[in-house]
Amino acid sequence: MRAYDHQKIEKKWQKEWEKSGLYRSTEDTSKPKSFVLDMFPYPSGEGLHVGHPKGYIATDIVSRHARMQGKNVLHPMGWDAFGLPAENYAIKNKVHPRVAVEKNIARFKEQLQKIGLDYDWSREINTTDPEYYKWTQWIFLKLYEKGLAYESFEPINWCPSCQTGLANEDLDGNVCERCGTVVEKRPMRQWTLKITDYAERLLKDLDLLPEWQEHIKESQRNWIGKSEGAILKFEIVDSRKETIEGIEVFTTRPDTLFGATYVVIAPEHPILRKIKFTNTAEVLVYAKKAATKTEIERTTEGKEKTGVKLEGIFAINPATNEEIPVFAADYVLAHYGTGAIMAVPAHDERDKQFAQKFNLPSTEVVTDILKNSGEFDGLTSEEAKAKITEKFGVAKITYKLRDWVFSRQRYWGEPIPIIHCEKDGIVPVPEKDLPVKLPEVEHYEPTGTGESPLAAIESWVNTPCPKCGGVAKRETNTMPQWAGSSWYYLRYMDPQNDTALVDSAKEKYWAPVDVYVGGAEHATRHLIYARFWHKFLQDIGVVSTPEPFTRLVSVGLIQAEDGRKMSKRFGNVINPDDIVETYGADTLRIYEMFMGPFTEAIAWKTSSLIGARRFLERVWRLEQQLQTTNYSLQTERILHQTIKKVGEDIQNFKFNTAISQMMIFVNEAEKSGLSKEQYRDFVALLAPFAPHIAEDIWHELGNKTSVHIASWPRFNEKKLLTDEVTIVVQVNGKARTSLLFPRDVAQADVEKAAQEAAAKWLLGKVPDKIIFVPNRLVNLVLA
RNA sequence: GCCGGGGUGGCGGAAUGGUUUACGCAGACGACUUAAAAUCGUUACCUCGUAAGAGGUUGUGGGUUCGAGUCCCACCCCCGGCACCA
């Protein structure tokens, strides 16, 4: 018998597949399409560890299965190579980011190819390729044209370690997601994208995505943070009761208006600098102090409320016409709602704490229904919300989602295609001049000044104004890490096109992505940004669907054997190259898919890996069990069960149970023998999981073309069932024994036999009731 | 605090309301071998019992049902998202 030499086999078939272009995708409109996508990696310097390929193996199985079902498959791969990880690596290792990225990509690609993934490498993309980022810049110009990209000067999150501004999405709480440093607030000029214009669609269209996992949709809902409420206007009066100003508050509880006993304004609110009160100096000191507090201080002070009363003025509760005091306090956030609230201590925990500290009155106005609320007494909260809003204000919806801070003061990113002209102000780079290429620089370290290192390259910065030809400078900020990944799936459809982002016929054929697999950590980052850009691209006619990804499956992390994250820092990294070398790519693939449910996090265990290898060796040895004459009916039945289950399980990403069913088949085939046809069908089922060994056996069985373009085996419904069934005999719901009957045996026959078999437990009594479940069980019930 | 997902042998895990622990890892015993590895076979939830067997068991406590890991109620614990967001 031939030995199972995984190294020889895997090398041989990988070469063969590449030579024959087996996995090339074409726009073959005669066939149904299947676009299977992985979140593309950023090529870090550490190379892959065994956790990375888990998702790629899954999409590989799904795409191979689709191909065998006669679908036209697009399963591409590329590199998300701009951004902080690549740049920080480059700085640390003192190599140019471009050089580092090229090297890392080569390494990643080599590692991926060893695993035998069916990527169409002719469609490989790289976000740092000018031919690619030309279109990232083009999208920015379109956003600018539509008023969705704007310059702003608001204080934003600044990472003192990465020395750049960040978007809210780049934070974990109040630390930089990349480096873990606590961020500061820093006012600076920046480019911002108006994602908030799309908040409602991003939220509502989650309903168009029944095939997304609920927790991802839930994260996005939380992140968008929609609140429905009202804006109510309170007059501000001085001590002579003369109106000096009005202030708007936002509330989700307009029904509690009669219980509003004071008003709180955020310390940053401009009205504090506009109106006069007797203790202006004290208030401004408080405001200044609040502004310098970091988020950490504001939230870790035990939520002890602080604030200062605005002396000499009052607000008028529009419902009660009572004069109520006004405070500045930092528990009210300037950037949410209107930056001011009506405080209802009886019905809000925070207001209650503040009221207790400052000894303020509290009026209960809602129990089951409204009370102490004048004409609204007796209404339910829901009724009162509508009526009070109507009478005293306007309905208003707010979102927690903030506009996307889109500029980075770093070198390694797409240049923002904008020119600042002394005369014409902001002038977009004309489309024909794209791409604006990232220039070569000697020093690419961040400057920390709020300018990117590009600002120092005068020959690049100084450029004539496209409009007037006069003196102008280029925008020197670059785009964030997430820009290139916000639309890359479209480029795979048409990677070489230099006249359009994507040919519309190709887009109509491939879109949307059928299955998208990647890490759950992208729920509120990449996946929100990509949905935003996609909707924008739909609005300008580039794409034809409302959502980019029909189905989203998040891959569960593979942790190190010690239960921690696999990281060079902990010295617990397992390199897939070593596993491929020693056990083979097919073993690695089977093991990773067999470990447990695909979406769950799970610890790597090298000692369990051997089970996957043993399984493949037993598959290999089945050749010895081949029978030329009569074949086992048992084997045939389990084969058909296996065909059914493996097909269904692949659809449902239940690879672990698909593999265990294949193991059950092998156990049976070893015991009872199998025919050549049965072996052939089984190898076809195995092919998506272990493509090399399957291909090798397939050819050994005399097939001349690849197993990977063979037809997926069909099962016969009639062959799934046994002729005999085991019927469980229960007495009072407790299993006592079991009996063998022909399938579909009559109830009366079973009842009779069961009572005899269970005589011992019936104690001579006759059952009061008999429950019969055909082909499954009989339950003899004694009262 | 709000929301989402979980809790089953020594371990990873399976299980349309119908014999809990499939499949695999680790273990024990046996076969083959001069020996070991590999391979094959047997065994294996817990308690009591020499055994035949009996009883118990899916985080805890209730409920529905002939029958509950699965459905309902309450609680405990773990993982994830949001969070002074009005």
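Just so we're on the same page: letters track the sequence lines, and every chain starts at 1.
- Considering only side-chain N and O atoms, Asn779(A) lies nowhere under 4.0 angstrom from the phosphate OP1 or OP2 of rU19(B).
- Between rA86(B), rC40(B), rG18(B), one nucleotide has an atom nearer to the side chain of Gln730(A) than all others, and that is rG18(B).
- Taking the ring centroids of Trp212(A) and Tyr516(A), they lie at or beyond the 6.0 Å cut-off.
- Geometric assessment of Lys400(A) against the ring of Tyr336(A) yields a negative cation-pi assignment under the 6.0 Å and 45° thresholds.
- In this model, the phosphate group of rA86(B) is approached by a side-chain N or O of Tyr336(A) to a distance below 4.0 Å at OP1 or OP2.
- Atom NZ of Lys352(A) sits in a sparse spot, with 12 or fewer heavy atoms from other residues, nucleotides or ligands closer than 6.0 Å.
- Residue Val773(A) has its side chain nearest to rG18(B) when only rG18(B), rC23(B), rG4(B) are considered.
- Nucleotide rU64(B) has no partner under the Watson-Crick or G-U criteria, as no pair reaches both atom distances under 3.5 Å.
- Considering only the side chain of His215(A), rG4(B) comes nearest among rG4(B), rA86(B), rG12(B).
- Distance from the side chain of Val728(A) is smallest to rU19(B) among rU19(B), rC23(B), rG56(B).
- Comparing rC46(B) with rC11(B), their P atoms are spaced 12 Å from each other, to the whole Å.
- Rounded to a whole angstrom, the distance from the P atom of rC73(B) to that of rA83(B) is 29 Å.
- Counting to the nearest Å, the P atom of rG13(B) and the OH atom of Tyr591(A) are 10 Å from each other.
- Using a 4.0 Å cut-off between charged nitrogen and carboxylate oxygen, Arg221(A) and Glu214(A) count as a salt-bridge pair.
- In this model, the phosphate group of rC3(B) is not approached by any side-chain N or O of Arg221(A) to a distance below 4.0 Å at OP1 or OP2.
- Taking every heavy atom of both residues into account, Trp604(A) and Met595(A) meet most closely at CA-CE, 3.8 Å.
- Atom NZ in Lys760(A) sits roughly 12 Å away from atom P in rA52(B) (whole-Å rounding).
- Across every strand in view, rG80(B) sits in a pair with rC3(B) that passes the Watson-Crick or G-U test at under 3.5 angstrom.
- You'll find the ring centres of Phe327(A) and Phe354(A) inside the 6.0 Å limit.
- At the heavy-atom level, Thr737(A) lies nowhere under 4.0 Å from the strands shown.
- The side-chain contact (heavy atoms from CB on, under 4.5 Å) test with Thr642(A) is passed by exactly one of Leu686(A), Leu685(A), Ile664(A), Val666(A): Leu685(A).
- Here the separation of rA14(B) from rA51(B), taken at their C1' atoms, is 33 Å to the nearest Å.
- In this structure, of rC25(B), rG24(B), rC84(B), it is rC84(B) that holds the atom nearest to the side chain of Lys305(A).
- Base orientation at rG5(B) is anti, since its O4'-C1' glycosidic dihedral falls outside 90° of 0.
- Base contact: Leu777(A) has a heavy atom under 4.0 Å from a base atom.
- rC40(B) atom P lies 13 Å from atom CZ of Phe615(A), rounded to whole Å.
- Taking atom C1' on both nucleotides, rG4(B) is separated from rA86(B) by 24 Å, rounded to a whole Å.
- In terms of position on RNA chain B, the residue among Ile771(A) and Pro597(A) whose nearest nucleotide sits closer to the 5' end is Pro597(A).
- Phosphate proximity of rA86(B) to Ser227(A): present, with a side-chain N or O under 4.0 Å from OP1 or OP2.
- Using a 4.0 Å heavy-atom distance criterion, Asn667(A) is classed as a sugar-phosphate-only contact.
- Between Lys734(A) atom NZ and rG67(B) atom C1' there is a gap of 12 Å when expressed in whole angstrom units.
- Residue Ile610(A) is classed as a sugar-phosphate contact, given heavy-atom separations below 4.0 Å to backbone atoms only.
- As rounded to whole Å, 17 Å separates atom P of rC3(B) from atom CG of Leu203(A).
- Between Arg736(A) and rG55(B), a side-chain N or O to OP1/OP2 separation shorter than 4.0 Å is present.
- Comparing Gly733(A) and Ser607(A) by the nucleotide of RNA chain B that holds the closest heavy atom to each, the one mapping nearer the 5' end is Ser607(A).
- Side chain of Ile602(A), nearest nucleotide from rA86(B), rG13(B), rC23(B): rG13(B).
- Comparing the same atom, P, in rA54(B) and in rG17(B) gives a spacing of 30 Å after rounding to whole Å.
- Arg614(A) has no side-chain polar atom (N or O) that falls below the 4.0 Å cut-off from OP1 or OP2 of rA38(B).
- Between Arg613(A) and rA38(B) there is no side-chain N or O to OP1 or OP2 distance below 4.0 Å.
- Rounded to whole Å, atom P of rG80(B) lies 19 Å from atom CD of Glu214(A).
- Between Trp761(A) and rA54(B) there is a side-chain polar atom (N or O) within less than 4.0 angstrom of OP1 or OP2.
- Lys645(A) has no side-chain polar atom (N or O) that falls below the 4.0 Å cut-off from OP1 or OP2 of rA14(B).
- With distances taken from any side-chain atom of Ser608(A) to the nucleotides rA14(B), rC25(B), rA86(B), the minimum falls on rC25(B).
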Original post:
Do Arg614(A) and Glu617(A) pass the salt bridge (charged side-chain N to carboxylate O under 4.0 Å, His left out) test, and can you show the C-alpha distance, the side-chain angles, and the key distance before you say yes or no?
Top reply: CA-CA 5 Å; Arg614(A) 279 185 197 144; Glu617(A) 285 179 358; over 6 Å; no
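- In this structure, of rU19(B), rC3(B), rA86(B), it is rC3(B) that holds the atom nearest to the side chain of Glu218(A).
- Dashed line: the shortest gap from a side-chain N or O of Asn656(A) to OP1 or OP2 of rA14(B) is under 4.0 Å.
- Note: OH (Tyr583(A)) to P (rA38(B)) measures 11 Å, nearest angstrom.
- Between the C1' atoms of rU19(B) and rU57(B), the separation comes to 15 Å (whole Å).
- Spacing between atom NZ of Lys400(A) and atom P of rC3(B) amounts to 13 Å, rounded to whole angstrom units.
- Distances were taken from every side-chain heavy atom of Asn222(A) (C-beta onward) to each of rG18(B), rA26(B), rG81(B); the shortest belongs to rG81(B).
- Minimum atom distance to the side chain of Met663(A) is reached by rG24(B), of the listed rG24(B), rC40(B), rC25(B).
- Between the Asn732(A) side chain and the Lys734(A) main chain, no donor and acceptor come within less than 3.5 Å of each other.
- In this model, the phosphate group of rU16(B) is not approached by any side-chain N or O of Arg776(A) to a distance below 4.0 Å at OP1 or OP2.
- Contact check, Lys605(A) against rC25(B): no side-chain N or O comes under 4.0 Å of OP1 or OP2.
- Of the possible donor and acceptor atoms, none in the side chain of Arg589(A) sits under 3.5 Å from a partner among the backbone N and O of Ile57(A).
- The separation of rU58(B) from rU21(B), taken at their P atoms, amounts to 13 Å, rounded to a whole angstrom.
- Rounded to whole Å, the separation between the C1' atoms of rC23(B) and rU8(B) comes to 15 Å.
- Across all strands, Lys654(A) comes closer than 4.0 Å only to sugar-phosphate atoms, never to a base (heavy-atom distances).
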